[in-house]
**Student:** 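Here you go, one structure.
None of these values were measured; they are calculated from a predicted model.
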Amino acid sequence: MGSAGTEIAVYRTAFNASRQPWQPRGVGIGYVLAHELAHVMQGVGRHSESGILKAQWSSDDFEEMIFHKLAFTNFDVELIHQV
């Protein structure tokens, strides 16, 4: 049985390098998975200037994650719904 598709690989060591000491475990990895799944759902390899699909998150972004305020941009949502 053959299959064609996209594969997502998330390496914990890569994420831990940017983990803030005050960040609870599990919050960041959820955003990493949402980020990578959005790439697959959008079908294009692009990043946004802000939000979940930002190429590199800042300490402010990590703080927003804690309070569940980091979100997809409206454009990212539109791309996801077009598929």
Side-chain angles (χ1 to χ4, degrees):
M1 175 192 289
S3 66
T6 303
E7 182 177 298
I8 297 172
V10 176
Y11 298 95
R12 185 176 176 185
T13 55
F15 182 72
N16 281 347
S18 64
R19 185 172 175 264
Q20 303 297 320
W22 44 264
Q23 183 181 4
R25 291 188 181 274
V27 172
I29 195 66
Y31 279 93
V32 169
L33 290 172
H35 175 103
E36 295 305 328
L37 288 169
H39 282 306
V40 173
M41 290 186 286
Q42 288 183 347
V44 293
R46 58 169 289 285
H47 287 101
S48 297
E49 293 293 318
S50 63
I52 294 175
L53 268 177
K54 189 174 174 181
Q56 289 187 332
W57 294 319
S58 67
S59 58
D60 289 339
D61 295 324
F62 283 106
E63 188 171 333
E64 287 187 18
M65 288 178 194
I66 298 299
F67 299 103
H68 305 286
K69 291 186 177 186
L70 190 66
F72 290 109
T73 64
N74 290 336
F75 184 67
D76 289 325
V77 172
E78 287 177 32
L79 288 177
I80 290 169
H81 285 286
Q82 286 179 5
V83 175

**Student:** Go through the structure and list residues passing side chain to side chain donor-acceptor pair (under 3.5 Å) with Ser50, not counting sequence neighbours.
**Tutor:** none

**Student:** Can you list the other members of the hydrophobic cluster that holds Leu79, where links are side-chain heavy atoms under 4.5 angstrom apart?
**Tutor:** Phe75

**Student:** Nearest 0.5 Å, please: how far is CD in Glu78 from CD in Gln42?
**Tutor:**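 Output value for this atom pair is 10.5 Å.
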
**Student:** Mind listing the closest non-hydrogen atom pair of Ala38 and Leu53 along with its distance?
**Tutor:** CB-CD1, 3.9 Å

**Student:** So which heavy atom on Phe72 is nearest to which on Ile52, and how close?
**Tutor:** CE2-CG2, 3.6 Å

**Student:** How many angstroms lie between OH in Tyr31 and CG in Asp61, if you round to the nearest 0.5 Å?
**Tutor:** 10.0 Å

**Student:** Side chains of Thr73 and Lys54: does their closest heavy-atom pair fall under 4.5 Å?
**Tutor:**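 When only atoms from C-beta onward are counted, Lys54 and Thr73 do not touch, as no gap falls below 4.5 Å.
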
**Student:** Do the side chains of Lys69 and Asp60 get close enough for a salt bridge, i.e. N-O under 4.0 angstrom?
**Tutor:**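 Answer for the salt bridge query: no.
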
**Student:** Report the distance from atom CG of Leu33 to atom CD1 of Ile29, rounding to the nearest 0.5 Å.
**Tutor:** 5.0 Å

**Student:** Residues two or more places apart in sequence or in another chain: which of them pass side-chain contact (heavy atoms from CB on, under 4.5 Å) with His47?
**Tutor:** His35, His39, Ala55

